[in-house]
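Quick note: numbers below take in every heavy atom, side chains included, and nothing from hydrogens, waters or symmetry partners. Along the sequence shown, residues carry numbers from 1.
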Amino acid sequence: MPEIAVITPEDFMHYLTGNAQQLGATLVDALGRYRHRVFVEHLGWQLPNATHGAEWDAFDTPGTVYVVALCDPGRIAGCARLLPTTGPYLLADVFPELLNGTPCPRSAAVWELSRFAAFDPESPPARGHTLGSPAALDLLRVSLREAAQRGARQLVSVSPVAIARILHRGGFAHARLGPPREVAGQQLFACSFNVAPDEDGPGGLEATPSALEVEAQ
């Protein structure tokens, strides 16, 4: 497996994956600016560590794995962050209440997906990538493959409740790990996926059987 994998799906995106050292300083700087533009300027998230036009937090460490979607001419149009649950991660350290009292996963086979965006700030509003777009679903598939190559068998994530309908439409089965809660005016929930080969389903995933699963509302 190469340290940085390049994948070329049908939508003319290509993807670079790796940690900050593998991606290189130029791309990492551009990624920080992209995250600020999307999460702070576009979505309005209040992130205290977002300064000087870049967005990073305590979970961006030398071991963090990034997936960066590039469109012609090399402009960032999507990103994702992958963290093993053996160390600090967003669900365990910031949103443990979303697990409704259940212990946070701690396993080399369980990774977290966060800072996921598939949005081209340079596109007209009607063409900007959204979570339900084909570009977003492609980015999710690439992220899952990258996590699987690094030993993940399951992914967890903190997501808006609306993502459940998008995942269903894209063929991605998921399991809720607790009931939705309002956080900073937004309904969020914790969910999990089993990482599986593409032939196992339309989205390359299957639901995680769990007593913690909550019926979709």
Side chains of Tyr15 and Asp138: does their closest heavy-atom pair fall under 4.5 Å? yes

Cation-pi between Arg115 and Phe39: NZ/CZ under 6.0 Å from ring centre and within 45° of the ring axis? yes

For the CG atom of Leu98 and the CG atom of Leu177, what is their distance to the nearest 0.5 Å? 9.5 Å

Any luck finding a side-chain donor-acceptor pair between Ser192 and Gln154 under 3.5 Å? no

Can you see which heavy atom on Ile76 is nearest to which on Pro121, and at what distance? O-CD, 4.4 Å

Starting from the C-alpha separation in whole Å, work towards a yes-or-no answer on salt bridge (charged side-chain N to carboxylate O under 4.0 Å, His left out) for Arg37 and Glu55. CA-CA 8 Å; Arg37 191 166 182 184; Glu55 192 280 301; over 6 Å; no

Interatomic spacing from NE2 in His174 to CZ in Arg176 - rounded to 0.5 Å: 5.5 Å

Quick check: do Val67 and Leu139 have side-chain heavy atoms less than 4.5 Å from each other? yes

Gln186 versus Pro160: any side-chain heavy-atom pair under 4.5 Å? yes

Tell me, do Arg75 and Tyr34 make a side-chain contact under 4.5 Å, heavy atoms counted? no

Do you know the tightest heavy-atom contact between Gly74 and Leu70? O-CD2, 3.5 Å

Which residue pairs pass the side-chain hydrogen bond (donor to acceptor under 3.5 Å, both in side chains) test with at least one member in residues 40-52, sequence neighbours excluded? His36-Glu41

Do Tyr66 and Leu27 touch side chain to side chain, with heavy atoms closer than 4.5 Å? no

Within the structure provided, determine whether Leu155 and Asn194 are in side-chain contact (heavy-atom separation under 4.5 Å). no

For atom CD of Glu97, is the number of surrounding heavy atoms from other residues, nucleotides or ligands below 6.0 Å larger than 12? yes

Nearest non-hydrogen partners of Trp111 and Ala152, listed with the distance: CD1-CB, 3.5 Å

Determine, stepwise, if the pair Phe59 / Glu112 fulfils side chain to side chain contact (heavy atoms under 4.5 Å, CB included). CA-CA 11 Å; Phe59 306 106; Glu112 180 185 65; 5.9 Å; no

Please table the atom pairs, donor to acceptor, closer than 3.5 Å between any side-chain atom in residues 78-96 and protein atoms at least two apart or in another chain.
| residue | atom | partner | partner atom | Å |
| --- | --- | --- | --- | --- |
| Arg81 | NE | Ser114 | OG | 2.9 |
| Arg81 | NH1 | Asp57 | OD1 | 2.8 |
| Arg81 | NH1 | Asp57 | OD2 | 3.4 |
| Arg81 | NH1 | Asp60 | OD1 | 3.2 |
| Arg81 | NH1 | Asp60 | OD2 | 3.2 |
| Arg81 | NH2 | Asp57 | OD2 | 3.4 |
| Arg81 | NH2 | Ser114 | OG | 3.3 |
| Thr85 | OG1 | Ser107 | N | 3.0 |
| Thr85 | OG1 | Ser107 | O | 2.9 |
| Thr85 | OG1 | Val110 | O | 2.8 |
| Tyr89 | OH | Pro105 | O | 2.7 |

List the atom of Cys71, the atom of Met13, and the distance in Å for their closest heavy-atom pair. CB-SD, 3.7 Å

How long is the straight-line distance from CG of Leu113 back to CD of Glu146, given to the nearest 0.5 Å? 12.0 Å

Just wondering, do Trp56 and Thr64 contact through their side chains at under 4.5 Å, heavy atoms? no

Nearest heavy-atom neighbours spanning Arg153 and Ala148: NH1-O, 4.0 Å

To the nearest 0.5 Å, atom CG of Leu188 lies from atom CZ of Arg181 at 11.5 Å

So do the side chains of Phe193 and Leu167 get within less than 4.5 Å of each other, counting heavy atoms only? yes

Shortest non-hydrogen separation from Ala190 to Leu99 and the atoms involved: CB-CD2, 4.2 Å

